[in-house]
Amino acid sequence: MTEEFFEILPVKKTFAGWHEILSDSICTAGQLNKFLPIDVKTVSRVAKQYPMRINPYYLSLIRKTMDPVWRQSVPDQMEIEDSLCAEDPLSEEVQSPVPNLIHRYPDRVLFMVSNQCAMYCRYCMRKRKIGRPFVVNDDTIKEGILYIGKEKAVRDVLISGGDPFLLEDEDLEKILKQLRDIPHIEIIRIHTRVPCTLPQRVTEKLAGILKKFHPIYINTHFNHPMEINSESAKACCILADSGIPLGCQTVLLKGVNDDLSIMKILMRKLLMIRVKPYYIHQADLVKGTGHFRTTIDQGIEIMKALRGYTSGIGVPYYMIDLPGGGGKVPVIPEYIKGENSGRLIVENYKGKIYSYPLADKSTDS
Ligand SMILES: *Cc1c(COP(=O)(O)O)cnc(C)c1O
């Protein structure tokens, strides 16, 4: 049995600074048509409803029509045909005591500090807000920080958006400093897709700022091995060298990564760029994203194909975020098959049955 051997491939093109890359982003069907064979009318119609932004770096990862990078970034007719899903299925707005701050769990909050992203993912869970004039400004940020300061039970702040790394260094530093000054905040987590979609944004200067506010954790977001190359590896390396543990939240997406071997390669490649797979998310029931949905069974099959077959540290949890704001729950393949005369019947990763002797309850003291 031979296994494939992977390496991180170099990106041959050289890219400008991140501001320049971002300002060269493609936002209209006409611009995009210069690079990709699209149906201009369709893309234009969809982009009117759900804005498009594909920066030149992410665009350069597209290899062919409807490949996994294309599907994540190019507007699709299906987005405006989706009639099943809701705008805000996770009731984020209801659980926001102040604008742009979601307080769902007692000890942690999700704080949106930017409404911009380096690329607008077509399956975005905040499709209702992102890339539109949803207001993040000094006032909402101030209000959020005040709220966190008053809520003594909050010990963990997830800085999210949009993408927090689309803020200028100084603005991000100001937010981090104010959060660090709150005595009950133990950890700060930054949720960013920049290492994947605009790795050039991760500079030594940014890392120098971040490491002043430890303990900082970063969860990034890669969905396909095509997104992992020398540029993204470099971004993750800069962050990891600054002492920041890196996790990844992958979204299970039809036509992108709903495939056992693709997911296994992705998890292995993430470990190679020093990122620990944290969650695989079942796609949320967000309006305009229904065509990305997979079955739960597919997710369970993927988890079965990972556990035992690749490094344990490369096996994330598969999560469903419950509609109605119930929070996330893990969906775990069933390895325990039952109990028989004091023995637990357990199936191993290869499907072979073993029994494990249970402690005798009657001898409990
Ligand atoms: C996912 C999420 C969190 C964090 O959940 P963890 O399981 O701790 O990573 C917190 N708040 C909200 C609103 C979330 O959606």
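In the hydrophobic clustering of this structure, Ile280 does not group with Ile313; members are Ile, Leu, Val, Met, Phe, Trp, Tyr whose side-chain heavy atoms approach within less than 4.5 Å, directly or through other members. In the hydrophobic cluster analysis, where Ile, Leu, Val, Met, Phe, Trp and Tyr join through side-chain heavy atoms closer than 4.5 angstrom, Tyr279 is grouped apart from Val275. Follow the hydrophobic side-chain contacts under 4.5 Å out from Leu246 and you reach Val315 in the same cluster.
Scanning both residues, Ser355 and Arg343, for their nearest heavy atoms gives OG-NE, 2.6 Å.
When side chains are defined from C-beta on, Ile145 counts as touching Phe111, because their heavy atoms get closer than 4.5 Å. By the 4.5 Å heavy-atom criterion applied to side chains, Leu260 and Glu301 are counted as neighbours. Taking 4.5 Å as the limit, some side-chain heavy atom of His103 sits within range of a side-chain heavy atom of Tyr147. Using a 4.5 Å heavy-atom cutoff, the side chains of Ile148 and Leu179 are in contact. The shortest side-chain heavy-atom distance between Phe222 and Ser232 falls under the 4.5 Å cut-off. At a threshold of 4.5 Å between non-hydrogen side-chain atoms, the residues Glu143 and Pro99 count as touching.
Side-chain atoms of Glu79 and Gln49 include no donor-acceptor pair closer than 3.5 Å. Inspection of the Gln282 and Tyr318 side chains reveals an N or O donor paired with an N or O acceptor under 3.5 Å.
Other residues, nucleotides and ligands contribute only 12 or fewer heavy atoms inside 6.0 Å of the NZ atom of Lys234. For Lys212, the NZ atom sits in a packed shell: over 12 heavy atoms of surrounding residues, nucleotides or ligands are nearer than 6.0 Å.
Checked for salt-bridge contact, Asp284 and Arg126 miss the test: no charged N lies under 4.0 Å from a carboxylate O. Using a 4.0 Å cut-off between charged nitrogen and carboxylate oxygen, Lys269 and Glu227 do not count as a salt-bridge pair. The residues Lys174 and Asp169 are annotated as not salt-bridged, no charged nitrogen and carboxylate oxygen being separated by less than 4.0 angstrom. Ionic pairing of Lys177 and Asp181 is present here: one or more N-O contacts between side-chain nitrogen and carboxylate oxygen are shorter than 4.0 angstrom. Between Glu170 and Lys205 there is a salt bridge, since a side-chain N of the basic residue sits under 4.0 Å from a carboxylate O of the acidic one. Looking at Arg155 and Glu186, a side-chain N of the basic residue comes within less than 4.0 Å of a carboxylate O on the acidic one, giving a salt bridge. In summary, Lys129 and Glu93 engage in a salt bridge, as defined by a charged side-chain N under 4.0 Å from a carboxylate O. A salt bridge is defined here as a Lys NZ or Arg NE, NH1 or NH2 lying under 4.0 Å from an Asp or Glu carboxylate O, and Arg274 with Asp241 meets this definition. A salt bridge links Arg189 to Asp156: one of the charged nitrogens lies within less than 4.0 Å of a carboxylate oxygen. Ion pair Asp163/Arg193 not flagged as a salt bridge, since none of the NZ, NE, NH1 or NH2 atoms sits closer than 4.0 Å to an Asp/Glu carboxylate oxygen.
Taking the centre and axis of the six-membered ring of Tyr50, the NZ or CZ atom of Lys127 falls inside the cone set by 45° and 6.0 Å.
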